[in-house]
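Everything below concerns the one structure shown next.
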2 protein chains.
Amino acid sequence: MRREFETACEIVQAADDVGGLQRATESLRDGLGISHVVYHWVNSRGERFGAGTYSQSWVDHYLERDYLRMDPVIIGCLQRFDPVDWKELDWSSRAARTMLQEAVEFGVGPQGYSIPIRGPAGQFALFTTADGCDDTAWSRFIAENQRDLILTAHEFNRKALAFERDFDMPTPTLSPRELAAMTHIAKGLNRAQAAAEMDISEHTLRVYIEAARHKLGALNTTHAVARALSRGLIVV
Amino acid sequence: MRREFETACEIVQAADDVGGLQRATESLRDGLGISHVVYHWVNSRGERFGAGTYSQSWVDHYLERDYLRMDPVIIGCLQRFDPVDWKELDWSSRAARTMLQEAVEFGVGPQGYSIPIRGPAGQFALFTTADGCDDTAWSRFIAENQRDLILTAHEFNRKALAFERDFDMPTPTLSPRELAAMTHIAKGLNRAQAAAEMDISEHTLRVYIEAARHKLGALNTTHAVARALSRGLIVV
DNA sequence: GCCCGCCTCCCCCGAAATGGCGAGTGCAGA
DNA sequence: TCTGCACTCGCCATTTCGGGGGAGGCGGGC
């Protein structure tokens with residue numbers, strides 16, 4: 001691992017708040033001589049936060065335009081799990097192209113490389129490096145640093161999860177029947193069908209669903225399914 | 001990266017079926033001189049498969065006893081996203097201890113290190129190394145190889161996802177309002193609340209939900225939410 | 001041995017969601 | 001320019017869900 005990555009990882013490991021992650025991104029940016037290093041994180045409650053070198057004005061602009069909802073980097077990374085060069089993403093919509101152009105005006109991109117990672121409870125993180133260099137220089141940069149970037153992303157994730165664990169509610173345990181019931185419901189069966197599938201009465205199935213709902217602290221069945229999926233309790 | 005890892009990664013990259021992954025695990029096991037290397041994978045349809053060096057008799061025994069449902073390695077890794085040494089897991093239940101004892105009799109463990117990774121559509125993968133050595137030797141082994149193991153796990157995942165992409169159906173595109181509506185529903189709001197949140201009539205909200213349902217090929221709203229979550233279209 | 005959690009079944013009723021019928025505006029890409 | 005898609009609104013009948021009761025058996029952990 002190159003020295004600048006080692007340094008950044010050490011800062012991450014020593015961090016005891018988001019500010020520590022922030023310093024790590026700055027250290028890595030300076031060490032690598034690129035324009036941006038950003039770690040963006042959605043915790044299990046859907047709260048977003050970020051640590052990185054983007055200017056406040058770009059972040060404000062980005063949020064103001066609600067780019068979170070259409071940013072091809074976000075959209076694309078939510079649908080894959082291997083690192084992606086921004087050039088591979090779908091920039092076909094006009095809104096996306098507009099956004100990229102504005103980003104460049106704010107000193108972000110056009111080159112970028114983002115590493116997505118998902119956590120067990122719906123957490124989602126993106127570790128991004130970006131620069132304004134040309135394609136060949138960027139390709140070389142990625143080829144040389146890809147592995148170190150992945151490992152550094154892991155260090156960020158480890159720390160971010162540690163922060164969260166501190167004030168996280170434990171994931172409840174669902175019984176096998178509750179899991180089976182939730183799985184059937186998540187697959188789109190209604191209560192009667194799910195009950196038939198499990199060969200139990202519809203009422204019994206309801207008991208499972210309600211038990212799961214209460215354990216998950218969910219407001220209704222759909223919410224319970226969403227939570228169970230997000231926490232990796234069931235798989236559709 | 002140590003040579004044995006490089007070799008394994010090259011085999012993975014060249015693989016065009018599960019057999020290729022299988023050969024990579026064997027190569028890595030032999031190169032590292034440990035007893036087992038296993039890659040276990042649950043795709044987006046919930047189908048499981050594995051490539052690795054466990055004996056068929058252990059796999060049969062494991063499945064026969066339905067250990068998938070209580071294996072602390074599986075349970076634990078489903079709830080974290082950083083690599084874990086088996087010793088850190090919860091072996092307190094009697095069933096878990098029995099399973100570990102049997103595993104050792106079948107030549108698996110007691111030392112183990114598993115790296116979980118989640119994909120965007122509910123995929124879940126575990127890359128595991130295991131051996132019968134003592135604690136200090138194992139700690140040294142992990143300390144020395146942790147990073148290479150993570151990178152190798154990434155190569156396995158990349159290839160496994162590529163296999164799956166081949167016969168995957170394309171993810172539909174939801175409009176911004178549809179995504180917003182689905183997100184609110186997934187958070188447990190009822191239609192009236194979600195409509196109020198979006199400042200539109202309840203009927204309009206229904207139109208979005210139904211459009212999303214049709215695009216996602218879902219049988220009902222809950223199913224649609226499950227699919228949207230599984231495909232990474234929305235985050236709760 | 002007792003308690004707790006899991007599994008199973010029954011009834012009732014109000015509230016919510018679903019499905020199908022409409023209609024009109026406006027923006028953006030072919 | 002024109003077609004399509006996104007966005008917005010209304011009504012009605014039917015199905016499904018949600019919450020409230022109550023009850024019994026069975027197994028594992030303290």
Side-chain angles (χ1 to χ4, degrees), chain A residues 66 69-70 90-99 170 172-227 233, chain B residues 66 69-70 90-99 172-226 233:
Chain A
D66 202 21
R69 291 203 180 280
M70 50 67 61
D90 174 23
W91 296 95
S92 61
S93 87
R94 179 188 295 186
R97 285 193 303 272
T98 305
M99 195 202 80
T173 309
L174 301 192
S175 76
R177 299 298 270 174
E178 286 162 357
L179 289 176
M182 292 297 287
T183 303
H184 287 125
I185 297 298
K187 283 181 177 166
L189 304 186
N190 63 27
R191 298 198 298 204
Q193 292 167 326
E197 199 71 29
M198 291 174 67
D199 204 30
I200 55 178
S201 77
E202 184 175 336
H203 179 86
T204 303
L205 185 111
R206 277 183 54 195
V207 173
Y208 295 142
I209 299 297
E210 288 181 23
R213 223 181 30 234
H214 288 132
K215 284 184 181 178
L216 291 161
L219 298 166
N220 53 44
T221 302
T222 301
H223 193 199
V225 166
R227 289 204 158 173
L233 296 172
Chain B
D66 202 22
R69 292 204 179 279
M70 49 68 61
D90 174 22
W91 297 95
S92 61
S93 87
R94 180 190 299 181
R97 285 193 302 273
T98 305
M99 196 202 80
T173 310
L174 301 191
S175 77
R177 301 295 271 173
E178 286 162 358
L179 290 176
M182 292 296 287
T183 303
H184 287 126
I185 297 298
K187 283 181 177 167
L189 303 186
N190 63 28
R191 299 199 299 204
Q193 291 168 327
E197 200 71 30
M198 291 173 67
D199 203 30
I200 55 177
S201 77
E202 184 175 336
H203 177 85
T204 303
L205 185 113
R206 280 183 52 195
V207 174
Y208 295 141
I209 300 296
E210 287 182 25
R213 225 184 22 234
H214 287 132
K215 284 184 182 178
L216 291 161
L219 298 166
N220 54 43
T221 302
T222 301
H223 193 198
V225 166
L233 297 172

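Side-chain atoms are counted along with the backbone in the values below, which use heavy atoms only and exclude waters and symmetry mates. Lettering of chains follows the sequences in order, A, B, ..., and the numbering in each one begins at 1. All values reported here derive from a predicted model rather than from experimental measurement.
Checking side-chain atoms of A:His223 against main-chain N and O of B:Lys187 turns up a donor-acceptor pair under 3.5 Å.
Remark: B:Asn190 CG to A:Leu219 CG distance equals 9.0 Å, nearest 0.5 Å. B:Ile185 contributes atom CD1, which lies 7.5 Å from atom OG1 of A:Thr222 (distance to the nearest 0.5 angstrom). Rounding to the nearest 0.5 Å places CD of B:Glu210 at 8.0 Å from OG1 of B:Thr221.
In this structure, the CG atom of A:Leu174 is 13 Å from the C1' atom of C:dC6, given to the nearest Å. Nucleotide C:dC7 holds its P atom 9 Å from the CD1 atom of A:Ile200, rounded to whole Å. Here D:dC7 presents its P atom at 12 Å from CG of B:Leu205, a figure rounded to the nearest Å.
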Can you give one letter per nucleotide of nucleotides 23-30 of chain C, going 5' to 3': B for a protein heavy atom under 4.0 Å from the base, S for sugar-phosphate only, - for none? ------S-

How would nucleotides 10-19 of chain D be written as a contact map, 5' to 3', with B for base contact, S for sugar-phosphate-only contact and - for no contact, using protein heavy atoms under 4.0 Å? BBB---SBBB

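Not one side-chain nitrogen or oxygen of B:Lys215 sits closer than 4.0 Å to the OP1 or OP2 atom of D:dC5. Between A:Ser175 and C:dG5 there is no side-chain N or O to OP1 or OP2 distance below 4.0 Å.
A salt bridge is absent between B:Arg206 and B:Glu202: the closest approach of a Lys/Arg side-chain nitrogen to an acidic carboxylate oxygen does not fall below 4.0 angstrom.
Within 4.0 Å (heavy atoms only), A:Thr204 reaches at least one base atom of the nucleic acid.
For the pair A:Ile200/A:Arg177, a side-chain contact is recorded, criterion being any heavy-atom separation below 4.5 Å from C-beta on.
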Under the side-chain contact (heavy atoms from CB on, under 4.5 Å) criterion, do A:Tyr208 and A:Met198 qualify, and how do the steps go? CA-CA 11 Å; A:Tyr208 295 142; A:Met198 291 174 67; 4.2 Å; yes

Could you go through the side-chain contact (heavy atoms from CB on, under 4.5 Å) check for A:Arg191 and A:Ile209 one step at a time? CA-CA 9 Å; A:Arg191 298 198 298 204; A:Ile209 299 297; 5.6 Å; no

